[in-house]
*Asks:* 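Okay, here's the structure, questions in a sec.
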Amino acid sequence: MNLLQLLLQINLNVAVILLLISGAATIFGNTLFFEDNSDLYGPLANNMRLMMFYLCLIQIAAYSFYKLSNSPEALAALGIFLLLLIGSLEFYCSINQIEIDENYSKLFIYSGLSHLLYGGCAAMRHQEN
């Protein structure tokens, strides 16, 4: 059980770092993680950049809250939010009739599942103690 806990912790930290780096890259218009889609980064560029900026702030707040209060439920809630964000992003793209890099969905699935698994397992362990 301790090995699983360690692996989930490492995976969570990788997901947090990946989300923050990819968010910062999107904010600054870097194509390190996502394709340079002229539709997305054209007139609607600030919408996506602002969303990624808020996502980075939410990530920092949830992780800080978890570390300071030892409340893994915050990470599980963020995981659910990230998974729901996939549907919201698809809806946003269909309304604005733009194509979006599928790497956004992959990032949100990986990060959301990482947060949900770690937060859920840690919350169950926390309740047992």
*Asks:* Got a second to check how far Glu90's CD is from Ile95's CD1, nearest 0.5 Å?
*Replies:* 12.5 Å
*Asks:* So, do Asn13 and Tyr63 sit near enough that their side-chain heavy atoms are less than 4.5 Å apart?
*Replies:* yes
*Asks:* Would you name the heavy atoms of Ala123 and Glu73 that are closest together and state the gap between them?
*Replies:* CB-OE2, 3.8 Å
*Asks:* Within a strict 4.5 Å, meaning less than it, do heavy atoms of the Cys121 and Arg125 side chains meet?
*Replies:* yes
*Asks:* State, yes or no, whether a side-chain contact exists between Ile109 and Tyr104 at a heavy-atom distance under 4.5 Å.
*Replies:* no
*Asks:* In a check of side-chain contact (heavy atoms from CB on, under 4.5 Å) between Phe108 and each of Leu89, Asn103, Leu83, which one passes?
*Replies:* Leu89
*Asks:* Quick one: closest heavy-atom pair of Ser111 and Leu19, and the distance?
*Replies:* OG-CD2, 3.8 Å
*Asks:* Evaluate whether atom CZ of Phe53 has more than 12 neighbouring non-hydrogen atoms of other residues, nucleotides or ligands under 6.0 angstrom away.
*Replies:* no
*Asks:* I'd like to know if the side chain of Ser69 and the backbone of Tyr66 have a donor-acceptor N/O pair within less than 3.5 Å.
*Replies:* no
*Asks:* Within the 4.5 Å heavy-atom criterion, are Tyr110 and Ser114 side-chain neighbours or not?
*Replies:* yes
*Asks:* How long is the span from the CG atom in Asn11 to the CG atom in Leu18, to the nearest 0.5 Å?
*Replies:* 10.0 Å
*Asks:* I need the minimum non-hydrogen distance between His115 and Leu75, along with the two atoms involved.
*Replies:* CB-O, 3.3 Å
*Asks:* What heavy-atom pair brings Ser22 and Leu107 nearest, and what distance separates the two atoms?
*Replies:* OG-CD2, 3.2 Å
*Asks:* Is any side-chain heavy atom of Phe81 closer than 4.5 Å to a side-chain heavy atom of Leu78?
*Replies:* yes
*Asks:* Shortest non-hydrogen contact from Gln5 to Tyr118?
*Replies:* O-CE1, 4.4 Å
*Asks:* What closest approach, in Å, do Ala74 and Ala62 show between heavy atoms, and which atom pair accounts for it?
*Replies:* CB-O, 4.2 Å
*Asks:* I'd like to check Leu55 versus Leu82 (side-chain heavy atoms, cut-off strictly below 4.5 Å). Are they in contact?
*Replies:* yes
*Asks:* Out of curiosity, Asn2 CG to Gln9 CD, how far, rounded to the nearest 0.5 Å?
*Replies:* 12.5 Å
*Asks:* Do Phe65 and Ile60 land in one hydrophobic cluster if side-chain heavy atoms of ILVMFWY residues count as linked below 4.5 Å?
*Replies:* no
